[in-house]
Amino acid sequence: MSPGRSVLLAAMQRKRIKEVLAAEEPLGEVRVQGWVRTRRDSKTFSFLEINDGSSLGSLQAVYDASRPGYPEHLPLLQTGASVEITGTVVRSQGKGQSWELQVQTLQVLGSAPETYPLQKKRHTREFLREIAHLRPRSNLFGAVFRIRSRLSYAIHQFFQERGFVHVHTPIITASDCEGAGEMFRVTTLEGNAFSAPGAETRDFFGKRAFLTVSGQLEGETFACAFSNIYTFGPTFRAENSNTARHAAEFWMIEPEMAFCDLIGDMEVAESLIQYLIRDAMDHSSEDLAFCDEFVDRGLLERLRLIAGQPFARISYTDAIEILLRSGRSFEYPVVWGHHLQTEHERFLSEEHAKGPVTIFDYPASIKPFYMRQNEDGRTVAAMDLLVPGIGEIIGGSQREERLDRLTGAMSAQGLSESDYWWYLDLRRYGTVPHAGFGLGFERLVMLVTGVENIRDVIPFPRTPRNADF
RNA sequence: UCCGGCAUAGCUCAGCGGUAGAGCGGGUGGCUGUUAACCACUAGGUCGUAGGUUCGAAUCCUACUGCCGGAGCCA
């Protein structure tokens with residue numbers, strides 16, 4: 001493809017701005033491409049801040065008024081315009097940057113008229129959400145999405161280094177009782193055909209189908225073949241949740257380990273979180289420093305704390321005792337057998353543990369059927385990892401590997417064995433103790449960046465009444 | 001879904017019964033190795049939508065819509 005060839009040649013000569021800014025010695029002549037962040041004019045030249053997304057920092061280009069084309073270019077070089085520049089990288093005469101680019105030739109690829117909504121001033125996150133297609137060009141969202149990308153890479157690295165097999169579990173599922181959560185219906189039926197009697201049998205899959213709320217059950221099947229596996233994919237919940245922590249479409253990491261119990265599960269969860277935080281501090285330090293300064297002062301200190309010490313572990317029963325003895329009056333009563341409320345979880349992580357805390361061994365009555373029943377006859381081997389400010393970031397359990405116990409729990413919760421025949425087969429043929437958990441990827445990005453709304457850590461958030469872009 | 005709050009120029013907000021203002025951004029001019037640049041001038045709004053109260057509504061009332069915060073559900 002001939003156009004591809006010229007693009008490739010151009011790409012070979014192009015320097016990313018991150019490289020230019022990090023140079024140890026003069027780079028000489030380079031070509032950069034990017035977007036104008038801001039312009040400051042002098043009588044005889046202009047300063048252009050050029051950003052190409054490779055880093056938070058922009059490159060200052062000095063455009064001399066005597067250069068051919070300057071008078072025609074100037075009115076086009078507004079905030080947001082795209083440019084290609086060749087020039088010489090020299091030590092900056094001014095303060096604030098080590099290097100700057102002396103423009104030799106400049107080409108305006110696309111101007112940005114005054115209707116360009118991103119101004120050179122701070123914008124609210126709410127406004128930026130309305131221009132989700134342009135917000136990645138802002139400092140904050142540039143930092144957030146570079147960090148998100150790096151975290152995604154580090155997740156694969158963590159598991160691959162430890163011999164975990166990555167499994168692509170299905171997005172569309174036909175088991176309409178995967179567990180908790182309202183599900184989105186997937187159908188090709190329209191109008192009257194949708195509501196007609198027996199419609200499901202004439203639908204695409206010949207039965208009701210949904211978007212997945214978890215890859216766990218399928219993940220277990222692969223764990224019972226490869227020993228250690230993980231999934232990392234989109235997940236869908238149709239709940240009408242309107243909070244800063246919930247989205248209808250989000251990404252989840254779900255490792256599943258055969259020959260593993262709840263203790264091993266908690267250990268993997270802790271080392272994963274600590275590994276990811278350390279990786280971000282090592283490889284996204286500039287973006288994190290920006291978040292520390294403009295989003296959440298104290299972020300870096302908190303991340304260092306989380307990465308540097310073992311997480312507290314408290315059994316649910318002990319947690320109830322701690323809450324009861326705290327002397328605090330909670331809006332919701334603290335009762336063994338009830339769910340921990342947000343206010344309870346916040347107390348445990350923010351005030352009692354002052355850091356991440358894993359709560360384990362929950363009452364069986366408030367947990368799904370697949371969790372392993374403990375010998376006390378009333379709790380299951382479940383665990384939730386709570387972090388300050390966000391709450392639950394990981395939920396997991398050891399799975400019930402004993403067929404009779406599993407079918408017993410299913411009938412107690414009114415589930416039909418025939419719907420889960422393949423899941424039960426795992427217990428019929430070569431069953432093993434196994435455990436796993438789900439890590440909400442966006443909640444992880446929130447933890448690492450300090451950004452407090454899930455809508456600001458996912459490129460195009462889907463929430464009730466919002467599926468624009 | 002429930003509770004509370006908000007909706008005024010491109011953005012952030014003030015005005016809270018007598019029919020609109022600031023800062024920033026935009027435009028024009030000036031100035032300076034500038035860097036949230038600076039100085040001067042200038043153009044932008046049927047005050048979310050629909051009703052109602054009133055001589056008169058951005059301002060009071062009702063409904064609706066949207067957004068924000070908290071809660072539930074959870075990752």
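To find a chain, count down the sequence lines: A is the first, B the second, and so on, and within it residues start at 1.
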If pairing requires Watson-Crick or G-U wobble contacts with both distances under 3.5 Å, which nucleotide is the partner of [N]?
N: B/C16; result: none
N: B/C6; result: B/G66
N: B/C74; result: none
N: B/C38; result: B/G30

Report task. Check salt bridge (Lys or Arg N to Asp or Glu O under 4.0 Å) between A/Arg162 and all other residues, then give those that pass, not counting sequence neighbours. Result -> none
Tell me the interatomic distance from [X], atom [atom1], to [N], atom [atom2], rounded to whole angstroms.
X: A/Asp265; N: B/A75; atom1: CG; atom2: P; answer: 13 Å
X: A/Glu126; N: B/C11; atom1: CD; atom2: C1'; answer: 13 Å
X: A/Leu128; N: B/G25; atom1: CG; atom2: P; answer: 17 Å
X: A/Arg39; N: B/G25; atom1: CZ; atom2: P; answer: 13 Å

Does OP1 or OP2 of [N] have a side-chain N or O of [X] closer than 4.0 Å?
X: A/Thr115; N: B/G10; answer: no
X: A/Asn466; N: B/C67; answer: no
X: A/Arg129; N: B/C68; answer: yes
X: A/Arg237; N: B/C74; answer: no

Scan side-chain atoms only and decide if [X] and [Y] contain a donor-acceptor pair under the 3.5 Å cut-off.
X: A/Glu100; Y: A/Ser92; answer: yes
X: A/His156; Y: A/Tyr230; answer: yes
X: A/Ser111; Y: A/Gln78; answer: no

**Report entry** Side chain of A/Tyr332 (C-beta onward), nearest among B/C68, B/U34, B/A71
**Finding:** B/A71
Query - Minimum-distance nucleotide to A/Gln60 side chain [options: B/C68, B/A75, B/U34] - result: B/U34
Query raised in the report: With distance as the sole criterion, do the side chain of A/Arg443 and the base of B/C74 form a donor-acceptor contact below 3.5 Å?
Result: yes
Under 3.5 Å, sequence neighbours excluded: what are the donor-acceptor pairs made by side chains of residues 46-54 of chain A?
| from | atom 1 | to | atom 2 | distance (Å) |
| --- | --- | --- | --- | --- |
| A/Ser46 | OG | A/Asp41 | OD1 | 2.7 |
| A/Ser46 | OG | A/Tyr70 | OH | 2.7 |
| A/Glu49 | OE2 | A/Arg40 | NH2 | 3.0 |
| A/Asn51 | OD1 | A/Gly53 | N | 2.8 |
| A/Asn51 | ND2 | A/Ser55 | O | 3.3 |
| A/Asn51 | ND2 | A/Leu56 | O | 3.4 |
| A/Asn51 | ND2 | A/Ser58 | OG | 3.3 |
| A/Asp52 | OD1 | A/Ser54 | N | 3.0 |
| A/Asp52 | OD1 | A/Ser54 | OG | 2.5 |
| A/Asp52 | OD2 | A/Arg16 | NE | 3.1 |
| A/Asp52 | OD2 | A/Ile17 | N | 2.9 |
| A/Ser54 | OG | A/Ile17 | N | 3.4 |
| A/Ser54 | OG | A/Lys18 | N | 2.9 |

Requested in this report: Select base, sugar-phosphate, or nothing to describe what A/Asn139 touches, counting heavy atoms under 4.0 Å on all strands.
Outcome: nothing
Query - Note, A/Ile454 side chain near A/Met446 side chain (heavy atom, < 4.5 Å) - result: yes
State which residues pass side-chain contact (heavy atoms from CB on, under 4.5 Å) with [X]; sequence neighbours excluded, sorted by chain then number.
X: A/Trp99; value: A/Ala23, A/Pro26, A/Val89, A/Arg91
X: A/Ile263; value: A/Asp261, A/Met266, A/Glu267, A/Arg313
X: A/Ser149; value: none

For [X], what residues pass the side chain to side chain donor-acceptor pair (under 3.5 Å) criterion, not counting sequence neighbours?
X: A/Arg150; value: A/Asp279, A/His283
X: A/Glu400; value: A/Arg402
X: A/Ser271; value: none

Query raised in the report: Which residues in residues 241-258 of chain A have at least one heavy atom lying under 4.0 Å from any atom of RNA chain B?
Result: A/Ser241, A/Asn242, A/Thr243, A/Arg245, A/His246, A/Ala247, A/Phe250, A/Met252
Requested in this report: Strictly below 4.0 Å, heavy-atom distances to any atom of RNA chain B: list the hits from residues 334-344 of chain A, or just say none.
Outcome: A/His339, A/Gln341, A/Thr342
Query raised in the report: Taking protein heavy atoms under 4.0 Å as touching, what does nucleotides 26-31 of chain B look like 5' to 3' if B marks base contact, S marks sugar-phosphate-only contact and - marks none?
Result: SS---S
**Report entry** Of A/Gln119 and A/Gly96, the one whose closest RNA chain B nucleotide lies more 5'
**Finding:** A/Gln119
**Report entry** 5' priority, RNA chain B, between A/Thr38 and A/Val62 [closest heavy atom]
**Finding:** A/Val62
Report task. Considering only NZ, NE, NH1 and NH2 on the basic side and carboxylate oxygens on the acidic side, decide whether A/Arg399 and A/Glu256 come within less than 4.0 Å. Result -> yes
Using nucleotides 3-8 of chain B, report all nitrogen or oxygen pairs with the protein that are shorter than 3.5 Å.
none

Requested in this report: Report the glycosidic orientation of B/G10: syn if within 90° of 0, anti in every other case.
Outcome: anti
